[in-house]
Participant: 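Sharing a structure here in structure tokens format.
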Amino acid sequence: MLNVTQSGGPFAFSEENQKKIKTILAKYPEGRQRSAILPMLDLAQRQNDGWVSSEVIEHVAELLELTEIQVLEVATFYTMFILRPIGRVHVQLCGTTPCWLRGSDDVLRACNDMGLETGKTTEDGLFHLSEVECLGACCNAPMVQINDDYYEDLTYDSMKAVLEAFKRGETPKPGPQVDRQFSAPVGGPTVLKDMITADAGKE
Amino acid sequence: MPKLTINGKEIEVAQGTTVLQACEEAGYEIPRFCYHERLSIAGNCRMCLVEMERSPKPIASCAMPAGDGMVIHTDTPLVKKAREGVLEFLLINHPLDCPICDEGGECELQDQTMAYGRGTNRFDENKRAVTDKYIGPLIKTIMTRCIHCTRCIRFSEEVAGTTELGAIYRGENMQITSYLEQAMESELQGNVIDLCPVGALTSRPYAFEARSWELIKTESVDVMDAVGSNIRVDARGRKVMRILPRNHDAVNEEWISDKTRFAYDGLLNNRLDRPYVKKDGKLVEASWAEAFAAIKTAVSDLKGEEIAGLVGDLNEMEGMYAFRELLRGLGSDRIEGRQDGAALETKVRASYLFNSGIDGIEEADFCLLVGTNPRYEAAILNARILKGTRHLGLKVANIGPAHDLTYKVEQAGDDAAILADILAGKHELAKKLETAKRPMIILGQGALRRPDGAQILKTAHDIAEKFGLVTDEWNGFNVLHQAAARVGAMDLGLTAKGGVSAIMDDAKDGKLKAVFLLGVDEVDTSPLADCFTVYIGSHGDHGVRHADVILPSAAYTEKPGIYINTEGRVQMGERSVFPPGDAREDWTIFRALSEQIGKILPFDNREQLLKALVSELPHLDEIDRLPKSAWGAFGEEGDVARGPIAPIIHDHYQTNPIARSSETMAECSAVKRQRTEATGTHG
């Protein structure tokens, strides 16, 4: 079994991304340009529908004067690089203890009911569900990461709503899906309320 | 100079020494898997843990620099426990399939488990299993056995320079592989077999062939190129089972090229194992007496100037000497040893030697390659140049066809006339040669075999003088040979006016009536079709095509012999197995033949021959020493013609009859060709 999949077509950075590459490369001292491998792979993955193909690896290797295996080493080390085609909406569901205690099983059930299966891409190529370990947002458990955003304080219904919104082509508002500002208390602050009023007065 | 105490013994070591090296200096063995003295330090196997006072936990001695006042213990219960623990963890995912493992008997993991292990295993879960990887026709992988020391990865990056192996995934799932399981391209890849401390990377041709303890080991010298790599030939019965490197810091360190290591199966194929005589236009098997009689009939009426001899690439000194004496007995002094037609001269020994020495490359700061591709012509030497460029500030420029030499090369073009420009100071490389403290020039056979080779030699000589390449303590003028026999042939004075081409022309014109070929397989022998041709050699290769008499001789593993490498270093090869069938050592053939034709050679055994040889060439008595040869004038005045230098090697794996008879080498060659065609690049 090969570790990377071919996309079938050649890969080259878009014009816009080539400009970004110049900025990235300029960050590293002369002769240390190979350090740009992580941002470049990330950029390439975003351009290449969310996954790194063998063509991407070969192209990045050529640009950084590395051998392909050196790029593959990095790409396989980090789980954020996906090495096979994947749905456009990548749902990473946290099932670690805090999320699990707060009902991640319900969230998973919501996903399953929407046709998502762990480790698989849906047939329409829209969703991919993977189960991951703690993403560091336990105060807003249970949560999922969808592409670059966290969707937090989920329930069966709100998860379903989020996925349905994606299905309609919308991007729902990231963050807590309940009445809550980030990880502040639900329903507004319980202490230091005066400061809120004072701040409001200024505006 | 840090001073530290190891097991109560105070020792002072050089700055930059690691604790592990200090312990070794003090005489304590430290077990290790990932540490290797010729590779960078990884520190990932943890086997070298030792106790350091005032440290809360054991330290990895391979990665810890020795510091002043350190107190190290290597024999405490803590160290014992640490080693047992590390080994137990390593063995958790190791299959323990020693009975079916080719590494068995020479396995570092096996040995160290015996010496430092607990003896029992407490792990009863499922073991990890890893799929085997294809990394080429030479190396067999059984990746479940891998303990992730990463020696092979570091070798491929640091010594081979090709960076073809890597570790993908991480933690428990880490796997060693090449990109998309492509075959490795390096000419030195076989060395990872020796480096692998377990049986994960083993020799594919040697798989399940023999056990290390049933082999007879003979220390010898390699003839696949002119480096003279030190090798150990392992044989069982009459068969060479494998070839391994021997350590020689000044020559091959502890590496050998793949051709050296894997061409041995060519010793069994296409062998000439009995004499042949041409009867009615067809070669038929004959006895030695018949063959000698045929030669006697053909040459007895010939005058000396109607006889000539050619000497090939793989011969030892004894054979070449006896050959020369035989032909001199017949009245001929027309013996040519420069099969490739290089314009080398015999009068100044320094003019055809690699004077800096192979380890001298490490002292140089600028190297100019002229008409040579060291990666193919002398892979081991190329690794030395790579080492220089990586660690010792060596800069390399190249005049000749562009090749991927695994390091950065300033490509000056392939026009030989650039040399003349440099001499005239008109080329930018002149400035680099001038500013370099220890510049060196490596002149390849590709440049010397051009029609203006003698002028190129002269120009290189003048450059060496003008830019201070030759001083009292440094000689940066180097000729890189490709053939193991060449320096010896030059020492014996085996050059004839006009070289091979003149001999061939005269043979065609009928001026020459008899030509003797001693292992000559790299020249086109078709002009010899009508001339009486005797071929003496080990393989039925190109040279026998027009032979009238074939005398079978021993290959390099089948005879003791003196070889002189490209540096002029004299080395002794030993016999490992006996030649097949009726084949004999070369010099004994000439001794016997001389008796038949009535010009008896004055030696009856090898000792007498060596005595005669050494009295003529006293430097042969200085075994394994880098000669310091006197400088002098050489080359021919004249213009160097504009025009590209052609590479001498097109297929690295097929450069001599043994390699051409080897199935392993044929496979390597096919893999290489496939890759070249697939990528559309050459070289």
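Naming convention: chains lettered A, B, ... in sequence-line order (proteins, then strands); numbering from 1 in each chain.
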Participant: Tell me if the CD atom of A/Q181 is crowded by more than 12 foreign heavy atoms within 6.0 Å.
Facilitator: no

Participant: Based on non-hydrogen pairs under 4.5 Å, which of A/V71, A/L66, A/L72 is most in contact with chain B?
Facilitator: A/L72

Participant: Looking at A/Y28, I want to see if its OH is surrounded by more than 12 non-hydrogen atoms of other residues, nucleotides or ligands under 6.0 Å.
Facilitator: yes

Participant: Between A/E68 and chain B, which part of the residue has a heavy atom less than 4.5 Å away: side chain, backbone, both or neither?
Facilitator: both

Participant: For atom CZ of A/R102, decide whether the heavy atoms of other residues, nucleotides or ligands shown that lie under 6.0 angstrom number more than 12.
Facilitator: no

Participant: Is the number of heavy atoms from other residues, nucleotides or ligands within 6.0 Å of CG (B/N126) greater than 12?
Facilitator: no

Participant: Let me confirm one number: the CD-CE distance from A/E73 to B/M174, rounded to the nearest 0.5 Å.
Facilitator: 8.0 Å

Participant: How close do A/F77 and B/Y169 get, counting heavy atoms only, and between which atoms?
Facilitator: CD1-O, 4.3 Å

Participant: Is there a side-chain contact between B/T177 and A/I69 in this structure, where contact means two heavy atoms from C-beta onward sitting under 4.5 Å apart?
Facilitator: yes

Participant: Measure the spacing between CD of B/E157 and OG1 of A/T67 and express it to the nearest 0.5 Å.
Facilitator: 8.0 Å

Participant: Where along residues 160-168 of chain B does a heavy atom come under 4.5 Å of chain A, listed by residue number?
Facilitator: B/T162, B/T163, B/E164, B/L165, B/G166, B/A167, B/I168

Participant: Counting neighbours of CD on A/E170 that are heavy atoms of other residues, nucleotides or ligands and sit closer than 6.0 Å, is the number greater than 12?
Facilitator: yes

Participant: Quick check: under 4.5 Å, non-hydrogen atoms only, which of residues 29-64 of chain A neighbour chain B?
Facilitator: A/S54, A/I57, A/E58

